[in-house]
Protein chains: 2
Amino acid sequence: MKLSSRTEYGVRAMVELAEAHGGGPVALREVAEKQGISEKYLEQLFAALRKEGLIYSQRGAQGGYTLAKAPGEIRVGDIVRALEGPIALCDCLANEEDDAVCERMGECAAHPLWVKLQDGITSILDSTTLQDMIAGASGDSANDIRGNSEEESPNE
Amino acid sequence: MKLSSRTEYGVRAMVELAEAHGGGPVALREVAEKQGISEKYLEQLFAALRKEGLIYSQRGAQGGYTLAKAPGEIRVGDIVRALEGPIALCDCLANEEDDAVCERMGECAAHPLWVKLQDGITSILDSTTLQDMIAGASGDSANDIRGNSEEESPNE
DNA sequence: GTAAATCCTACTGATTCGGTAGGAATTATG
DNA sequence: CATAATTCCTACCGAATCAGTAGGATTTAC
């Protein structure tokens, strides 16, 4: 029940790219410095993000990284999955097509809870985009993230 | 984003005790065998659960472990915290009285999301009791877990 | 051509994880 | 009382993961 620094760093770095979105590519070094992350370590995270098609890289002088899609199109869940692999609280939840992994299945009283928990986590991560995060960070009305998603409509 | 086997085993073992609740103490060996957990390892988990007052132990022959409270009074969150320590996705969320841990605080665009995620996880874990879990396991109407929790319990 | 940048692969030290080992202390039972 | 069953305690261990480092190859703007 703890975020890896991989996830923490990766998300922060992606926010950094999101804020620079529209301008030219941003150098790894710049992101690393601004976020206080080891350059070489971040390099590996970017490699993974790139492999998953979340960022685009431009080599050579004046090169750097840019988001591969608009900030509103990139969900935090995508970032986490790119960095950590599929979100699976336990092996029996890894791949739903192959349920056989959990031989205990039928008799495991805990299973439904893990499913519920995993769904909850996934839904939070997948309902937040980079756009939401930079919106929250800039303005003081950061409540678009903190509050629940679908509420506080003009009514009520 | 993965459950430790500590958590997995611990919850399963507690369910086992919950099912035996009302009868005499259950020996460690029995729980370990039924759940397919190393005896010596489970011993350590029980030590932690005992220290947190979730289970009661009776030494000597015919001894064993019993829940310290009714199954409906023990939340899964309590078990997880007993085994893993406080649920804190990252250090900056560890103790809310001392926010200073996260020097980045103001500028960290990710922080609000982690708060939301942690709250989501905690609320799921704390709204499910052992009672809910054994109810789900026995009957085929396991939906009391998957659905929301506090309702319809005319038991005990 | 050169400097700036990404790319790639391997290594490493520290920590955590899951588990083992061995025995001391307690207690029900015959 | 003797014994067996059981919890209790502390230390240790191998393997995996984590976070980070190292070093160089490749690409490209200027």
Side-chain angles (χ1 to χ4, degrees), chain A residues 1-13 16-17 20 23-68 80 83-85 88-91, chain B residues 1-13 16-17 20 23-68 80 83-85 88-91:
Chain A
M1 285 295 95
K2 191 142 191 313
L3 296 171
S4 65
S5 75
R6 238 179 125 79
T7 296
E8 260 188 272
Y9 292 172
V11 170
R12 295 223 309 263
E16 200 71 33
L17 291 190
V26 184
L28 172 68
R29 153 165 291 142
E30 194 181 333
V31 177
E33 266 171 14
K34 276 198 192 168
Q35 291 291 331
I37 304 172
S38 145
E39 229 172 285
K40 283 303 216 174
Y41 189 39
L42 186 57
E43 196 180 308
Q44 293 173 46
L45 307 191
F46 273 5
L49 293 168
R50 181 170 154 274
K51 196 168 297 178
E52 292 302 313
L54 296 183
I55 61 180
Y56 170 77
S57 71
Q58 163 109 21
R59 300 181 72 170
Q62 257 57 37
Y65 296 88
T66 49
L67 292 187
V80 173
L83 293 171
E84 310 261 22
L89 284 185
C90 57
D91 297 334
Chain B
M1 286 296 93
K2 189 141 191 312
L3 297 171
S4 64
S5 76
R6 238 178 125 80
T7 296
E8 259 188 273
Y9 291 171
V11 170
R12 294 221 312 261
E16 200 71 33
L17 291 190
V26 184
L28 174 67
R29 152 165 293 141
E30 195 182 331
V31 178
E33 264 171 14
K34 277 199 192 167
Q35 290 292 331
I37 304 173
S38 146
E39 231 172 284
K40 284 301 214 173
Y41 190 38
L42 185 56
E43 198 179 306
Q44 294 173 43
L45 307 191
F46 272 4
L49 294 167
R50 180 169 155 274
K51 196 168 299 177
E52 293 301 314
L54 296 182
I55 60 179
Y56 170 78
S57 71
Q58 163 110 22
R59 300 180 72 168
Q62 256 56 37
Y65 297 88
T66 50
L67 292 186
V80 173
L83 293 172
E84 310 259 23
L89 283 184
C90 56
D91 297 332

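Convention: sequence-line order gives letters A, B, ...; per-chain numbering from 1. Given the structure is predicted, the values throughout are model-derived calculations rather than measurements.
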Quiz item: In chain order, what residues pass the side chain to side chain contact (heavy atoms under 4.5 Å, CB included) check against Ala48(B), with sequence neighbours excluded?
Solution: Arg6(B), Leu83(B)
Quiz item: Is any side-chain heavy atom of Phe46(A) closer than 4.5 Å to a side-chain heavy atom of Val31(A)?
Solution: yes
Quiz item: What is the distance from OH of Tyr41(B) to C1' of dT10(D), rounded to the nearest Å?
Solution: 17 Å
Self-check item: salt bridge (Lys or Arg N to Asp or Glu O under 4.0 Å) against Glu8(B), all qualifying residues, sequence neighbours excluded
Solution: none
Quiz prompt | dG19(C) OP1/OP2 closer than 4.0 Å to side-chain N/O of Ser38(B) | solution = no
Quiz item: For the pair made of CD in Glu39(A) and P in dA4(C), what is the distance, rounded to whole Å?
Solution: 13 Å
Quiz item: How far apart are the closest heavy atoms of Ser57(A) and Arg50(A), and which atoms are they?
Solution: OG-NE, 3.2 Å
Practice problem: Could you tell me the separation between the CG atom of Leu45(A) and the C1' atom of dA19(D), rounded to a whole number of Å? | Solution: 10 Å
Quiz item: How would nucleotides 6-16 of chain C be written as a contact map, 5' to 3', with B for base contact, S for sugar-phosphate-only contact and - for no contact, using protein heavy atoms under 4.0 Å?
Solution: BBB-B------
Exercise. Applying salt bridge (Lys or Arg N to Asp or Glu O under 4.0 Å), name anything that partners Glu52(B), two or more places apart in sequence or on another chain.
Key: none
Exercise. Kindly point out which of dA29(D), dA19(D), dG18(C) is positioned nearest to the side chain of Gln62(A)?
Key: dA29(D)
Quiz prompt | Interatomic distance, Leu42(B) CG vs dG19(C) C1' [rounded to whole Å] | solution = 12 Å
Self-check item: Residue list, side chain to side chain contact (heavy atoms under 4.5 Å, CB included) with Ala20(B), at least two apart or on another chain
Solution: Val26(B)
Quiz item: Roughly, in whole Å, what's the span from OH in Tyr9(A) to C1' in dT21(D)?
Solution: 14 Å
Quiz item: Closer than 4.0 Å, any side-chain N/O of Ser4(A) to the OP1 or OP2 of dC18(D)?
Solution: no
Quiz item: How would you list, by chain and number, every residue that makes a salt bridge (Lys or Arg N to Asp or Glu O under 4.0 Å) with Arg59(B), sequence neighbours excluded?
Solution: none
Quiz item: Contact class for Tyr56(A) vs. all strands (heavy atom < 4.0 Å): base, sugar-phosphate, or nothing?
Solution: nothing
Exercise. Give the rounded distance in Å between these two atoms: CD of Gln35(B) and P of dG19(C).
Key: 14 Å
Practice problem: Would you mind reading off the distance between Leu83(B) atom CG and dG19(C) atom P, rounded to a whole angstrom? | Solution: 14 Å
